[in-house]
There are 2 protein chains.
Amino acid sequence: MNREEILAAAQRQLNHDPRSSLADIATAAGIGRATLHRHFASRETLLEEIGTRSQDRWEQRLDDVDVEVVAASGDAAAIEAALRDLLAAFVEDADDFGFSLTDSFIAGEPEHVERTERLFAREVALYAAAQEAGVLRGDVSARWLGHAAYGLLVAAREAIRAGDVPRRDVAELVITTYLRGGQSR
Amino acid sequence: MNREEILAAAQRQLNHDPRSSLADIATAAGIGRATLHRHFASRETLLEEIGTRSQDRWEQRLDDVDVEVVAASGDAAAIEAALRDLLAAFVEDADDFGFSLTDSFIAGEPEHVERTERLFAREVALYAAAQEAGVLRGDVSARWLGHAAYGLLVAAREAIRAGDVPRRDVAELVITTYLRGGQSR
DNA sequence: CTCATCTGAGACAGCGATGTCTCAAACCGT
DNA sequence: ACGGTTTGAGACATCGCTGTCTCAGATGAG
């Protein structure tokens with residue numbers, strides 16, 4: 001049982017129930033409580049690491065779509081494609097990483113808050129470029145568009161949890177709802 | 001210090017930090033811990049009451065717009081107006097009641113889960129009627145439209161918290177984003 | 001003023017979670 | 001098979017929170 005595997009299992013368990021005790025987490029990971037403590041000195045350490053892991057993934061997704069390059073290009077088609085890819089990737093992640101979305105368990109750690117803000121800013125830069133290129137509307141702030149995307153990810157997670165939407169459809173739903181909204185036309 | 005006032009203060013405090021202890025809550029309400037216990041026998045009782053309170057408000061909002069009547073009318077204009085009113089009302093509530101949105105502190109109480117489902121169903125019925133009337137698009141499920149609305153409320157809450165959006169603009173932002181999405185046109 | 005009631009501070013035991021430790025068993029490469 | 005390492009089970013002290021209780025002071029109606 002790798003350190004990385006433990007982290008993944010812990011994340012899964014905390015995603016399932018954010019109030020899980022370390023004993024719960026250890027059981028879920030199939031290891032003993034002592035072993036868990038050997039890898040992560042304290043609960044706080046474990047949570048911090050999970051937070052970092054989530055941010056790593058977020059950063060990776062931004063890197064994957066070359067967000068800065070695409071944004072600088074000003075190419076509407078490329079920007080829209082990047083937007084769609086990014087949202088689809090986030091939806092995929094929302095499953096495993098979702099609880100760090102809704103749970104503010106690292107609130108207060110200035111380090112994490114700062115990094116979150118930097119990542120959000122990178123993402124928002126893409127939305128701003130999309131506005132510039134006429135892909136996204138310009139009458140609302142780019143940061144609001146960022147929050148709206150986040151909100152739809154929460155919705156996606158919830159819809160899956162409630163069994164209202166087949167998993168394979170969620171990405172497309174999020175994208176089309178994000179772009180076109182709910183209005184008929 | 002009324003029971004209702006205590007409840008409101010507790011909700012505010014838990015909204016601020018969902019992990020507040022009863023001592024925190026009592027302090028925030030400006031009362032002693034003993035007094036808090038006199039009104040609410042246990043933490044669980046308090047949380048249940050807050051959950052019920054939130055659901056009461058939700059129900060009230062649905063009643064306020066006459067959701068069943070409007071839905072049955074099939075009148076597109078009336079339906080869209082009700083939709084807007086409802087979203088605006090929810091945004092207003094999201095401030096005080098938001099934490100019961102994201103925090104699953106009553107998860108497991110079948111009673112609450114059931115009532116939440118009933119309320120959600122009432123709301124979704126309006127979305128379905130809106131689809132019927134051509135106000136909302138029919139190519140996604142009404143329940144997804146419900147989750148999407150919820151997601152945008154989470155986004156609104158987050159945007160306010162981050163100071164990215166003036167409070168008075170949030171309702172209109174949610175509505176326009178919900179209906180039109182983020183796409184330029 | 002007086003008495004009944006309500007309140008806050010504090011003490012207290014109980015509980016679950018955390019973090020440390022030990023030890024025997026399981027597991028590894030050699 | 002062997003010796004070093006890792007592991008899980010469990011014991012243990014500690015901590016913070018909860019829920020109960022007491023008591024002295026504040027409050028308020030008469």
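Proteins get letters first, then strands, A, B, ... in listed order; numbering begins at 1 in each.
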Rounded distance in Å - [atom1] ([X]) to [atom2] ([N]):
| X | N | atom1 | atom2 | result |
| --- | --- | --- | --- | --- |
| B:Ile25 | D:dC17 | CD1 | P | 11 Å |
| A:Ile6 | D:dT6 | CD1 | P | 13 Å |
| B:Arg19 | D:dG16 | CZ | C1' | 14 Å |
| B:His37 | D:dT22 | NE2 | C1' | 15 Å |
| A:Leu22 | C:dT20 | CG | P | 11 Å |
| A:Asp24 | C:dG16 | CG | C1' | 11 Å |
| A:Asn2 | C:dC27 | CG | P | 18 Å |

Is a side-chain donor or acceptor of A:Gln131 paired with a backbone partner of A:Val140 at a separation under 3.5 angstrom?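 Flag set: sc A:Gln131 to bb A:Val140 pair under 3.5 Å.
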Check: A:Leu7 main-chain N/O paired with A:Arg53 side-chain donor or acceptor under 3.5 Å: no
So for the helix from C:dC1-D:dG30 to C:dT30-D:dA1, with five pairs setting each end axis, what is the inter-axis angle to 10°? 40°
If you draw a 6.0 Å radius around CD in B:Gln183, do more than 12 non-hydrogen atoms from other residues or ligands fall strictly inside?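 Above 12, so yes.
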With the side chain of A:Arg43 defined as its heavy atoms from C-beta on, choose the nearest nucleotide among C:dT18, D:dT20, D:dC17.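 Nearest to the side chain of A:Arg43 among the choices is C:dT18.
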For the residue pair [X] and [Y], establish whether any side-chain heavy-atom pair is separated by less than 4.5 Å.
| X | Y | value |
| --- | --- | --- |
| B:Tyr150 | A:Val154 | yes |
| B:Arg180 | A:Arg180 | no |
| A:Val65 | A:Val70 | no |

Pairs: protein N or O with nucleotides 6-9 of chain C N or O, under 3.5 Å:
unit_1: C:dG8; atom_1: OP2; unit_2: B:Gly32; atom_2: N; d: 3.1
unit_1: C:dG8; atom_1: OP2; unit_2: B:Thr35; atom_2: OG1; d: 2.0
unit_1: C:dG8; atom_1: O6; unit_2: B:Arg38; atom_2: NH2; d: 3.0

Salt-bridge contact B:Asp24-B:Arg33 (side-chain N to carboxylate O under 4.0 Å): no
For the residue pair B:Trp58 and B:Phe90, categorise the inter-ring angle as parallel (less than 30°), tilted (30 to 60°) or perpendicular (more than 60°).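 B:Trp58 vs B:Phe90 ring planes: perpendicular.
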Mind checking what makes ring-ring contact (aromatic ring centres under 6.0 Å, His included) contact with A:Phe120, not counting sequence neighbours?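 Counting only residues at least two positions away or on another chain, A:Phe120 forms a ring-ring contact (aromatic ring centres under 6.0 Å, His included) with A:His147.
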